[in-house]
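Everything on this sheet refers to the single structure shown next.
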2 protein chains.
Amino acid sequence: MYNILICDDERDIVSALKIYLKDDNYRLFEAANGKEALEVIGKNDIHLALLDIMMPVMDGIETMVKLREQSNLPVILLTAKGEDADKVLGLNLGADDYITKPFNPAEVQARVKSQLRRYMQLGSGRIGGDTLVIGGVELDDKAKVVTLDGESVSLTPTEYEILKLLMQNANQVFSPKEIYARVWKDAPLGSENTVAVHIRHLREKIEIDPAAPRYIKVVWGQGYKMERGK
Amino acid sequence: MYNILICDDERDIVSALKIYLKDDNYRLFEAANGKEALEVIGKNDIHLALLDIMMPVMDGIETMVKLREQSNLPVILLTAKGEDADKVLGLNLGADDYITKPFNPAEVQARVKSQLRRYMQLGSGRIGGDTLVIGGVELDDKAKVVTLDGESVSLTPTEYEILKLLMQNANQVFSPKEIYARVWKDAPLGSENTVAVHIRHLREKIEIDPAAPRYIKVVWGQGYKMERGK
DNA sequence: GCAAATCCTTAAGATTTCTTTAAGACCCGG
DNA sequence: CCGGGTCTTAAAGAAATCTTAAGGATTTGC
């Protein structure tokens with residue numbers, strides 16, 4: 001359940017956005033100007049804010065600058081056509097995205113969803129130093145989170161370690177013994193079958209068709225590898 | 001889907017670029033300095049990098065020079081007006097393009113698209129330390145992958161080992177007995193015919209016409225060799 | 001601490017892929 | 001044109017991987 005703040009002085013805009021964002025997963029908060037917005041954000045655990053640029057008392061840009069002094073939650077600016085100067089200024093001052101009026105409902109939903117996912121799952125959305133990416137598979141080693149085409153995938157610790165090993169050494173082939181040694185940090189006694197079972201489980205989670213894997217490939221007589229590129 | 005790295009120490013610049021380059025075909029990575037940039041590039045399959053020239057820890061020029069030691073992926077430098085000297089230096093050291101701040105969104109999109117197209121069309125095949133090449137045949141020992149004129153070829157473990165032996169010792173003739181001894185690590189008992197069968201299979205996979213082999217030649221009464229050069 | 005849920009391992013049979021064998025055809029040099 | 005070396009083909013045999021299920025270990029939540 002995500003908390004979303006909608007901030008605009010025009011009640012009609014607020015109403016429209018509330019309808020567009022009607023979703024069991026969203027709890028919607030309102031504010032009529034920047035000052036109210038900051039109060040709401042201060043009192044509640046807001047996950048994303050939609051701020052109109054043109055507002056009385058305190059405008060969207062000013063609000064966002066104040067907000068950025070203490071938080072980096074996603075801010076989507078609402079702009080009217082032709083306010084390009086404000087838009088660029090806003091982006092340079094830390095906004096994450098913008099939507100131009102009049103709104104396209106699907107676009108609003110998509111951008112909100114996208115920013116939330118970025119913020120929640122990837123820890124403020126940065127695909128940076130600790131994130132491995134191969135095709136549609138993303139592994140964030142800081143957050144210990146794996147996503148497949150944007151959808152979060154839940155892996156067990158062992159599965160996670162195996163996937164990490166393979167992703168850190170993309171295209172390199174590891175024999176089951178080698179995988180066992182490096183993940184369990186122990187000598188592989190007899191049961192390399194264990195590795196096969198975990199590979200199977202991994203494939204069930206990150207492959208569309210485990211029988212025709214896109215990512216975790218087997219090289220006969222050699223071992224497994226995570227394939228990057230074509 | 002292309003992976004693009006945005007590297008700038010100013011978060012606002014990064015945010016702005018991220019929005020300009022928002023595209024379903026791009027996956028955007030961030031780094032705050034050259035050191036991080038190299039890490040991200042090392043861990044992921046980045047297709048294009050936008051590097052700010054002025055950065056702490058490691059500047060854009062230095063980063064690019066390091067990068068060029070191992071990759072030729074497109075680099076677009078981000079320069080402030082007036083940094084013309086750096087710009088020229090950067091282009092001479094291997095940058096592919098540059099963009100001057102403040103950015104024009106359309107220009108950013110166009111240059112990125114153009115560089116990506118150029119890079120993708122030219123093919124980016126880089127050959128690392130563990131790759132053997134003879135004619136159109138490439139053997140990557142890390143990935144256990146063999147390609148013929150760019151097309152991947154699937155070999156069995158034994159076939160692979162034989163090919164590796166022959167490629168590692170190009171032009172050198174090995175008798176079937178010797179091949180058996182070195183690949184099987186066992187004394188050749190009776191069945192050197194086995195080697196002939198594997199050679200046949202290899203030829204079917206990497207020769208256009210197995211009856212008139214280009215690569216795996218036979219020397220009568222002596223054995224086989226992988227021929228380099230014409 | 002205890003119960004429940006989750007996860008890891010083991011095992012065995014099924015399946016796929018690879019290797020070897022064998023027999024005959026073919027090719028080269030003398 | 002004859003003999004030994006090489007090639008080809010098919011099919012049986014061997015090996016590796018896959019799959020599934022279930023018991024035991026570990027972790028989690030209360």
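Protein chains get the first letters and strands the later ones, always in sequence-line order, with residue 1 at the start of each. Everything quoted here is computed from the prediction, not taken from an experiment.
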(Q) Checking D209(B) against R214(B) for the salt bridge (charged side-chain N to carboxylate O under 4.0 Å, His left out) test, could you report, in this order, the C-alpha distance in whole Å, the side-chain angles of both residues, the deciding distance, and whether it holds? (A) CA-CA 8 Å; D209(B) 179 5; R214(B) 293 179 299 167; over 6 Å; no
When you compare the protein's N or O atoms with those of nucleotides 5-9 of chain C, which come within less than 3.5 Å of each other, and at what distance?
unit_1: dC8(C); atom_1: OP1; unit_2: T158(A); atom_2: N; d: 3.1
unit_1: dC8(C); atom_1: OP1; unit_2: T158(A); atom_2: OG1; d: 2.3
unit_1: dC8(C); atom_1: OP2; unit_2: T156(A); atom_2: OG1; d: 2.7
unit_1: dT9(C); atom_1: OP1; unit_2: W184(A); atom_2: NE1; d: 2.7
unit_1: dT9(C); atom_1: OP2; unit_2: W184(A); atom_2: NE1; d: 3.3
unit_1: dT9(C); atom_1: OP2; unit_2: H198(A); atom_2: NE2; d: 3.3

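Proximity note for W220(A) (side chain, C-beta onward) versus dT6(D), dT9(D), dT17(C): the nearest is dT17(C).
OP1 or OP2 of dT8(D) has not a single side-chain nitrogen or oxygen of R203(B) nearer than 4.0 Å. Considering only side-chain N and O atoms, R200(B) lies under 4.0 angstrom from the phosphate OP1 or OP2 of dT8(D).
The two atoms that bring Y160(B) and V145(B) nearest to each other are CE1-N, 4.3 Å, heavy atoms only. Nearest heavy atom pair, residue I134(B) against residue M226(B), reads CD1-CG, 3.6 Å. The minimum heavy-atom distance between K144(B) and V219(A), with the atom names listed, is CB-CG1, 4.1 Å. Across all non-hydrogen atoms, the minimal contact from I216(B) to I206(B) is CD1-CD1, 4.0 Å.
Between the CD1 atom of I179(B) and the P atom of dT20(C) there is a distance of 13 Å, rounded to whole Å. When rounded to the nearest whole Å, the span between CG of L202(B) and P of dC7(D) equals 12 Å. Rounded to an integer number of Å, the gap from I216(A) CD1 to dT19(D) C1' is 16 Å. In this structure, N193(B) places its CG atom 17 Å from P of dG4(D), rounding to the nearest Å. Rounded to whole Å, the distance from CD on E207(B) to C1' on dT8(D) is 16 Å. For I199(B) and dG5(D), the CD1 to P distance is 18 Å, given to the nearest whole Å.
Looking only at distances, a side-chain donor or acceptor of Q109(A) sits under 3.5 Å from a matching main-chain atom of Y20(A).
F103(A) CZ: more than 12 foreign heavy atoms inside a 6.0 Å radius.
Within the nucleic acid shown, Y224(A) comes within 4.0 Å of sugar-phosphate atoms alone, with no base atom in reach, counting heavy atoms only.
Nucleotides of DNA chain D nearest to E204(B) and P176(B) differ in position, and the one nearer the 5' end is that of P176(B).
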